[in-house]
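Heads up: the structure comes next, in structure tokens.
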Amino acid sequence: MELGAKLAFGDFTDGLLGNFGIDTNYTYSPSSSNDVDKKGNELPFYDTSEHQFNFVAWYQDEKLQARIAYNYRSDRLQDGNVGGTGFQVYQEATNYVDAQVSYDVTEEVTVFLNGSNITGEIENYYIDYAGEAEQYHSQNEFEPRYTLGVRARF
């Protein structure tokens with residue numbers, strides 16, 4: 001099930017607030033497969049989060065465009081039989097924040113700044129012992145990344 005909304009404040013008001021808007025969605029996708037854990041409980045589909053949520057706030061006028069986006073994913077199964085043990089590896093829930101701003105200097109030239117994972121979210125993985133206990137497994141660290149650039153049209 002997915003719910004979503006796109007709202008431009010300019011549809012309701014004039015002036016400065018009219019340049020703002022939001023895009024948001026929520027997805028609920030429970031799953032189960034034929035694979036089971038050591039207790040016989042069905043496992044979810046691989047790399048599928050039960051809950052996902054995205055929220056984008058934006059501003060746009062004739063020359064300036066800006067947006068900030070928040071993305072959330074709940075825990076998700078990564079390995080259903082780690083090392084042949086019959087135990088599972090899950091990725092913990094993650095929260096990412098990205099941002100972008102651009103300015104049209106002329107009709108042909110735009111300068112921009114993009115930021116990806118600006119909060120420095122780290123992906124943590126854990127081993128699930130059939131729902132009885134959890135143990136740290138590993139982690140991926142994707143540092144924040146920024147891009148400053150110029151786009152030109154000829």
Side-chain angles (χ1 to χ4, degrees), residues 1-13 16-61 64-103 110-149 151:
M1 175 183 71
E2 182 173 344
L3 303 171
K6 294 183 181 222
L7 178 66
F9 297 159
D11 292 343
F12 306 101
T13 185
L16 181 63
L17 283 179
N19 294 336
F20 287 90
I22 59 170
D23 295 343
T24 186
N25 67 61
Y26 167 77
T27 303
Y28 175 67
S29 55
S31 65
S32 62
S33 65
N34 293 328
D35 295 336
V36 294
D37 65 17
K38 285 194 172 248
K39 286 187 164 184
N41 299 317
E42 287 185 354
L43 296 175
F45 291 145
Y46 289 88
D47 203 29
T48 300
S49 296
E50 187 170 6
H51 303 279
Q52 295 182 56
F53 174 73
N54 302 292
F55 180 84
V56 179
W58 53 266
Y59 174 87
Q60 183 170 337
D61 65 23
L64 179 67
Q65 303 84 40
R67 71 170 190 82
I68 187 160
Y70 170 79
N71 305 287
Y72 167 82
R73 285 187 73 175
S74 62
D75 292 20
R76 56 190 180 261
L77 178 64
Q78 296 296 307
D79 187 341
N81 187 16
V82 63
T85 63
F87 297 116
Q88 293 72 49
V89 174
Y90 285 86
Q91 180 182 345
E92 287 183 351
T94 55
N95 304 281
Y96 291 98
V97 178
D98 302 325
Q100 175 202 7
V101 63
S102 64
Y103 183 78
T110 302
V111 294
F112 65 89
L113 174 64
N114 294 326
S116 180
N117 189 24
I118 61 176
T119 56
E121 177 72 7
I122 296 172
E123 296 178 352
N124 292 305
Y125 297 82
Y126 64 91
I127 298 173
D128 181 44
Y129 294 103
E132 293 184 8
E134 295 176 359
Q135 178 179 328
Y136 172 81
H137 179 269
S138 60
Q139 105 183 161
N140 286 332
E141 184 171 353
F142 301 104
E143 70 279 351
R145 293 187 182 202
Y146 299 95
T147 306
L148 177 64
R151 282 190 293 269

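Of all heavy-atom pairs spanning L77 and V89, the tightest one is CD1-O, 3.5 Å. Minimum heavy-atom separation, Q88 to V36: NE2-O, 4.4 Å. Minimum heavy-atom separation, S102 to Q65: OG-OE1, 2.6 Å. When all heavy atoms are compared, the tightest approach of S32 to F45 is O-CE2, 3.4 Å. In this structure, Y90 and P44 approach most closely via the heavy-atom pair OH-CD, 3.8 Å.
Under the side-chain contact (heavy atoms from CB on, under 4.5 Å) criterion, Q91 pairs with R76, Q78, T94, E123, Y125, sequence neighbours left out. For F55, the side-chain contact (heavy atoms from CB on, under 4.5 Å) partners are I22, T24, F53, A57, not counting sequence neighbours. Listed by chain and residue number, Y126 satisfy the side chain to side chain donor-acceptor pair (under 3.5 Å) test with D75 (two or more places apart in sequence, or in another chain). When the side chain to side chain donor-acceptor pair (under 3.5 Å) test is applied to Q135, the partners found at least two apart in sequence or on another chain are Y129. Judged as a side chain to side chain donor-acceptor pair (under 3.5 Å), and not counting sequence neighbours, the contacts of S49 are R73. Applying the side chain to side chain donor-acceptor pair (under 3.5 Å) rule to E50 yields the partners Y28; only residues at least two apart in sequence or on another chain are considered. The side-chain contact (heavy atoms from CB on, under 4.5 Å) search around E143 returns R145, not counting sequence neighbours. Qualifying side-chain contact (heavy atoms from CB on, under 4.5 Å) partners for L64, counting only residues two or more places apart in sequence or in other chains: Y59, D61, V101, Y103.
With a 4.5 Å cut-off on side-chain heavy atoms, E134 and D128 count as touching. Using a 4.5 Å heavy-atom threshold, the side chains of D98 and N71 count as touching. Contact check for V82 versus H137: side-chain heavy atoms found under the 4.5 Å cut-off.
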Counting only pairs under 3.5 Å, give me each side-chain donor-acceptor contact of residues 111-121, with atom names and distances, residues two or more places apart or in other chains.
from	atom 1	to	atom 2	distance (Å)
N117	OD1	E121	N	2.8
N117	ND2	E121	O	3.4
N117	ND2	F142	O	2.5
E121	OE2	N95	N	3.4

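If you take OG1 on T48 and CG on L43, they are separated by 12.0 Å, rounding to the nearest 0.5 Å. Atom CZ of F20 and atom CH2 of W58 lie 10.0 Å apart (nearest 0.5 Å). Between the CG atom of D35 and the CG atom of N41 there is a distance of 13.0 Å, given to the nearest 0.5 Å. Note that the CD atom of E92 and the OG atom of S74 stand 12.0 Å from one another [nearest 0.5 Å].
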Item to check | side-chain contact (heavy atoms from CB on, under 4.5 Å) between F12 and L17, worked out | outcome: CA-CA 9 Å; F12 306 101; L17 283 179; over 6 Å; no
